[in-house]
Structures are given as C-alpha cells and as structure tokens.
Amino acid sequence: MASRPIDIRQLAALLLLPLALSGCTATSSSPPVPVPPPAAPPPAAPVPHGGDWRDWPLTAGTWRYVPGTPVSTARYGDPQASQFVVQCDATKRQVTIMRAGTSTQIEIIASSRSARFPAGHILDRGAAMSAVVLSANDGFLDVMAFSRGRIAVRSPGLPDLAIPAWAEPARAIEDCRK
C-alpha cells in the first residue's frame with residue numbers, strides 16, 4: 001500500500017497542537033478579567049406582511065373616539081400607545097392621519113382604493129408619529145372610512161398595520177365637515 005504525502009496544513013496543525021494545549025493551563029493565580037457582554041444586535045427591520053392585505057392578522061388594539069371642540073380624535077391601539085390616529089381640527093377643517101413611528105411615507109390601502117402620502121413627523125402624546133394632513137373634504141377620507149372590514153397601513157421601515165374599519169374614524173372625519 002502506498003503512503004500518501006502529508007499536507008503542509010495538516011503538519012502545521014500537528015506541530016501547533018502541543019503549543020495550543022499548553023495555553024490551556026493557568027500560569028497565574030489572578031482572577032480572570034470579566035468580559036463585557038456582547039452588544040445587543042440592532043433591531044431587525046420590520047418584515048412586511050406577504051399575501052393579500054385582507055388576510056393579515058389585525059394589529060392589536062381597539063378604536064376609541066374622543067370627542068372635542070374643536071379637536072376630536074379616533075385612536076387605534078392600546079390606551080397608552082396609539083398605533084393609528086385620525087384627528088379632526090374643525091377650526092382648520094383639516095384631518096390629520098398619524099401612525100406610530102417615523103417614516104417618509106404613509107400608504108393606506110382600503111377595499112376600493114389605496115393612496116400614498118408623503119409624511120411629516122410630529123409628536124402625539126410624547127410619541128413620534130408619521131403624519132399627513134388632508135382637507136376635511138378630501139374624497140380619500142370617505143374611501144378609508146367606508147372600507148369593507150379593514151384598512152392596511154404601510155410605511156417604509158415600519159411594521160405593517162391591519163386596522164378594523166369601525167365607526168370611530170368616520171365620526172372624527174364627520175366632525176370636520178359640520
């Protein structure tokens with residue numbers, strides 16, 4: 001049987017093995033230096049929902065209508081953190097649509113139509129929100145208010161939202177049209 005030649009990498013590994021093993025024994029009696037924990041990885045970018053938006057699970061929360069003069073509001077989410085807001089300023093006859101987080105755009109998908117709006121940034125109850133301001137007579141507000149079942153909200157860099165189409169946002173919109 002013929003012997004095969006030893007690869008140089010195998011030979012180097014065999015020669016360095018005793019040296020590597022000798023480093024495993026402690027040579028001093030000082031305690032080991034604590035190693036700081038690794039830094040937390042950056043948060044992952046939100047994964048957009050796939051498939052038909054009408055099949056997405058609803059975003060956790062509920063609608064709350066808060067009447068007011070001159071400002072009334074419909075808020076979706078939990079009581080401490082709104083995910084989506086429809087706010088009427090009756091004095092200005094403007095409706096502000098807000099979503100949690102900051103992004104450059106808000107896309108709203110309703111059962112009959114969708115629209116993309118450039119978004120500004122505002123603080124709402126101390127939370128950073130992306131916002132778009134529409135005239136109270138903008139026809140898309142009706143499209144959104146009368147969507148069948150739900151609306152979807154998408155913004156670059158933020159999680160997608162699937163929000164039930166209940167009466168609260170329509171009430172806030174109507175407050176601006178009186």
Tracing side-chain contacts under 4.5 Å among Ile, Leu, Val, Met, Phe, Trp and Tyr outward from Val85 reaches Met98, Ile122, Met129
Whichever hydrophobic residues join Val71 through chains of side-chain contacts under 4.5 Å:
none
Quick check: do [X] and [Y] have side-chain heavy atoms less than 4.5 Å from each other?
X: His121; Y: Ser130; value: yes
X: Ile151; Y: Tyr76; value: no
X: Leu161; Y: Trp56; value: no
X: Trp53; Y: Asp160; value: no
X: Asp124; Y: Arg75; value: yes
X: Leu58; Y: Pro164; value: yes
X: Ile97; Y: Leu141; value: yes

Partner residues of Arg116 under the side-chain hydrogen bond (donor to acceptor under 3.5 Å, both in side chains) criterion, sequence neighbours left out
none
In chain order, what residues pass the salt bridge (Lys or Arg N to Asp or Glu O under 4.0 Å) check against Asp52, with sequence neighbours excluded?
Arg54
Distance check, rounded to the nearest 0.5 Å: Cys88 atom SG versus Lys178 atom NZ?
9.0 Å
Starting at CD1 of Ile109, measure out to CD1 of Ile163 and round the result to the nearest 0.5 Å.
11.5 Å
Please collect all salt bridge (Lys or Arg N to Asp or Glu O under 4.0 Å) contacts where either partner lies in residues 77-100, sequence neighbours excluded, each pair once.
none
Considering residues at least two apart in sequence or located in another chain, which fulfil the ring pair (Phe, Tyr, Trp, His ring centres under 6.0 Å) criterion with Phe140?
Phe117
Tell me the closest heavy-atom pair linking Arg64 and Gly77, and the distance in Å.
NH1-O, 3.1 Å
Thinking salt bridges, do Arg177 and Glu174 make one under a 4.0 Å N-O criterion?
yes
